[in-house]
Every structure is written in structure tokens, then in C-alpha cells.
Amino acid sequence: MNIRSLTRGDGVVIGAAVVLFIASFLDLSGYDCPSGVDCSGYSANAWDSLSVLMGIYIAGIIGAALLIVSRALPGRKVAGFELGQFGAAFTVYSLWTMFWTIIDAGDAGAGLILGLLATLALAGGAVATPLVPALKAPLMGAPRPAQAVQPAYGSQPGQGYGYPGAQQQFGTQPGQQQPYGAQPGRQQPEQPEQQAAPQSQQGGGAPAGDFAPFWFAVPVARPLYGEDGTPNPIAELAPGTWYLAVEQRGPGLVAQTQDGRRGVLQDTTGIQRG
């Protein structure tokens with residue numbers, strides 16, 4: 001999984017899950033044991049009670065894990081629900097159980113108090129991340145184009161079209177020499193049969209001469225859908241990685257990933273062109 005695809009909300013969820021795991025080893029009761037009295041039953045932690053451990057601590061950690069896995073496997077469903085929805089449900093259930101457990105406890109210890117704070121942050125991050133723009137922002141910012149690593153596909157450094165920092169070369173393909181006598185950077189006239197190419201071969205969009213492939217990066221993680229119109233994403237574009245836009249498809253772009261897969265990026269707002 002690309003760590004740059006994680007959002008700030010995912011960082012909150014991961015941090016809360018770590019705190020919840022630590023709280024499971026702390027005492028559930030704050031009872032002060034008098035000297036000379038066996039208080040072993042009052043110094044138990046969550047690992048001494050299976051119902052408390054599974055119903056609160058492990059449930060919250062499982063919910064956090066499902067939320068993070070849903071980033072790596074977008075569109076995956078179980079029983080008709082996405083993994084992220086299952087994860088959010090687990091975190092809310094953990095908070096609900098912890099709330100009533102700490103109310104029922106006569107003297108809550110550090111394990112319950114810290115666990116309550118962790119489940120509050122966990123459920124809040126899971127529910128609020130899709131709704132709050134600040135939490136949807138990438139956890140790690142995208143690097144500057146000049147410092148971006150060249151993708152595995154495309155042209156050599158300093159050649160080809162659209163790569164950040166490279167000069168645009170119209171009329172020739174990457175690595176193709178220009179005809180003798182042609183001026184550098186000037187587009188060569190098209191052949192008559194290329195000018196008469198039907199628009200149906202362009203995927204229903206504008207003529208090929210109106211679109212030049214270019215490199216771009218997305219500000220946040222966004223799904224890439226299949227060209228056949230299937231509703232489930234085939235990949236996820238991550239911030240900090242350059243992708244090649246090969247065709248205009250209505251308001252979206254047909255993009256190519258590093259492993260050669262092609263799909264439609266429907267949401268092109270805020271993309272950074274190379």
C-alpha cells in the first residue's frame with residue numbers, strides 16, 4: 001500500500017488504535033488495595049476478561065484495520081458492504097460498549113479511562129473522515145514535480161510529452177526522430193487519412209489533435225474506474241505519484257497507472273499537471 005494514499009483521518013484512526021492496544025494492558029479498576037489484603041481481582045486488565053477484551057479493545061482494533069485495508073483494496077465488499085463500512089461499524093460498537101462499561105464500573109481505572117478516550121478518537125476519525133475536508137487531506141504532502149521519481153512507464157528522462165520538466169514535442173512520438181528539414185518543436189502536418197479519422201475511434205470525445213497526453217498528480221486518493229463503465233474501481237490513484245493522461249473522456253480523463261492499467265478518472269478537480 002502506498003503510504004501517500006493515507007489521509008489525516010487515517011492517521012487519527014491508526015494512532016487511536018495504538019493507544020487502545022496500550023490501554024488493554026492497564027488496570028480496569030482504580031481501587032486502592034489496603035496493605036495486607038489480596039486485591040488480585042481488582043488489578044485485572046482487559047486480558048483477564050475475555051468479554052471486555054473482545055467487545056471493546058479487539059473490536060476497535062479490528063475496525064481500524066478494516067478501515068486501513070479498505071484504502072488498499074477500494075471497492076471490496078463483504079455481504080454487500082464495503083470494508084470501510086464494516087470498519088466504521090466496529091469502531092462505533094467499541095465506543096458504545098466502552099461507554100456503558102465505564103458507567104457500570106464503580107471505580108474506573110486507567111485502562112477504562114484511556115480506552116474511552118481512544119475509542120472516542122477512533123470512532124470520530126472513522127465517521128468524520130469522509131465528511132470533513134481537513135481529515136480527507138493527504139497525511140503526507142505530494143513532492144514537488146522536479147523531485148518526483150520517474151514512473152516505470154513512459155519516455156526517457158528529458159524526452160517525450162508531458163513529463164514534468166521536459167519540453168513539449170508536438171508531432172513526434174517519444175524517441176522518434178523528426179523528418180529531415182523539420183524545425184524543432186513545430187508540429188508536422190497530418191496525413192489526410194489521419195485528419196479524416198472518425199470521432200468514434202476517439203472514444204466519443206474530441207478529435208485527437210485537440211488533446212495532448214500529459215502527466216498529472218492527484219491531491220488526494222481517488223478511484224480509477226474501468227473504461228467499460230463498471231461501477232467498481234479497478235485501482236486507486238495516490239497523491240505523490242505521476243500518472244499519464246492519455247485521453248479526454250467527457251469531464252474525466254483516461255489515465256494509465258504504473259503497472260499499465262488504464263481507467264477513467266471521473267473526479268479531475270485540483271489535479272496538478274506536470
Side-chain angles (χ1 to χ4, degrees), residues 1-21 23 55-102 113-142 216-226 229-241 243 250-253 255 263-272:
M1 177 181 177
N2 191 343
I3 191 173
R4 295 190 182 276
S5 65
L6 296 177
T7 64
R8 294 176 182 175
D10 296 330
V12 172
V13 169
I14 294 174
V18 172
V19 174
L20 186 62
F21 179 73
I56 299 177
Y57 298 89
I58 298 300
I61 295 173
I62 290 176
L66 290 176
L67 287 169
I68 302 306
V69 170
S70 67
R71 290 291 183 185
L73 302 174
R76 292 296 180 91
K77 295 184 177 181
V78 177
F81 296 94
E82 295 184 359
L83 291 179
Q85 294 174 330
F86 266 111
F90 268 98
T91 60
V92 173
Y93 172 76
S94 175
L95 173 60
W96 175 261
T97 308
M98 173 62 80
F99 176 75
W100 292 109
T101 301
I102 202 171
I113 296 175
L114 188 61
L116 177 63
L117 297 177
T119 53
L120 275 172
L122 188 62
V127 174
T129 295
L131 305 176
V132 180
L135 294 178
K136 291 192 293 184
L139 184 61
M140 300 180 62
F216 71 94
V218 292
V220 296
R222 289 178 179 171
L224 191 69
Y225 297 92
T230 54
N232 295 330
I234 62 171
E236 184 179 63
L237 304 187
T241 303
Y243 302 96
L253 292 172
V264 179
L265 175 64
Q266 298 179 354
D267 184 5
T268 60
T269 55
I271 63 172
Q272 180 182 4

Problem set entry | Set of side-chain hydrogen bond (donor to acceptor under 3.5 Å, both in side chains) partners for Arg222, sequence neighbours left out |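 Here the qualifying residues are Thr269.
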
At their closest point, which heavy atom of [X] faces which heavy atom of [Y], and how far apart are they?
X      : Y      : value
Thr91  : Ala64  : CG2-N, 4.2 Å
Ala134 : Arg8   : O-CD, 3.2 Å
Ile102 : Phe99  : CG2-O, 3.2 Å
Pro231 : Tyr225 : O-CE2, 3.1 Å

Side chains of residues 55-63: which donor-acceptor pairs under 3.5 Å do they make with residues two or more places apart or in other chains?
from	atom 1	to	atom 2	distance (Å)
Tyr57	OH	Gly111	O	2.9

Exercise. Between Val264, Ile271, Leu224, which is the residue that forms a side-chain contact (heavy atoms from CB on, under 4.5 Å) with Leu253?
Worked result: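 That would be Ile271; it is the only one of Val264, Ile271, Leu224 passing the side-chain contact (heavy atoms from CB on, under 4.5 Å) with Leu253.
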
Problem set entry | Qualifying residue for side-chain contact (heavy atoms from CB on, under 4.5 Å) with Thr129, from Val12, Thr7, Leu67 |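 Testing each of Val12, Thr7, Leu67 against Thr129, the sole residue satisfying side-chain contact (heavy atoms from CB on, under 4.5 Å) is Thr7.
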
Scan the side chains in residues 113-125 for donor-acceptor partners under 3.5 Å anywhere in the protein, sequence neighbours excluded, and list what turns up.
from	atom 1	to	atom 2	distance (Å)
Thr119	OG1	Gly115	O	3.0
Thr119	OG1	Leu116	O	2.9

Exercise. How would you list, by chain and number, every residue that makes a ring-ring contact (aromatic ring centres under 6.0 Å, His included) with Phe21, sequence neighbours excluded?
Worked result: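 For Phe21 the ring-ring contact (aromatic ring centres under 6.0 Å, His included) partners, ignoring immediate neighbours, are Phe25.
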
For this session: Using a 4.5 Å cut-off on heavy atoms from C-beta on, say whether the side chain of Leu265 contacts that of Tyr243.
Result: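 They are not in side-chain contact.
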
Exercise. Just wondering, are more than 12 heavy atoms of other shown residues or ligands nearer than 6.0 Å to OH in Tyr93?
Worked result: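 Open: at most 12 neighbouring heavy atoms sit under 6.0 Å from OH of Tyr93.
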
For this session: Output all residues satisfying side-chain contact (heavy atoms from CB on, under 4.5 Å) with Ala128, sequence neighbours left out; order by chain, then residue number.
Result: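 Residues passing side-chain contact (heavy atoms from CB on, under 4.5 Å) with Ala128: Val132, Leu135.
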
Problem set entry | Test side-chain contact (heavy atoms from CB on, under 4.5 Å) applied to Val18 - qualifying residues, sequence neighbours left out |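 By the side-chain contact (heavy atoms from CB on, under 4.5 Å) rule, Val18 matches Ile22.
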
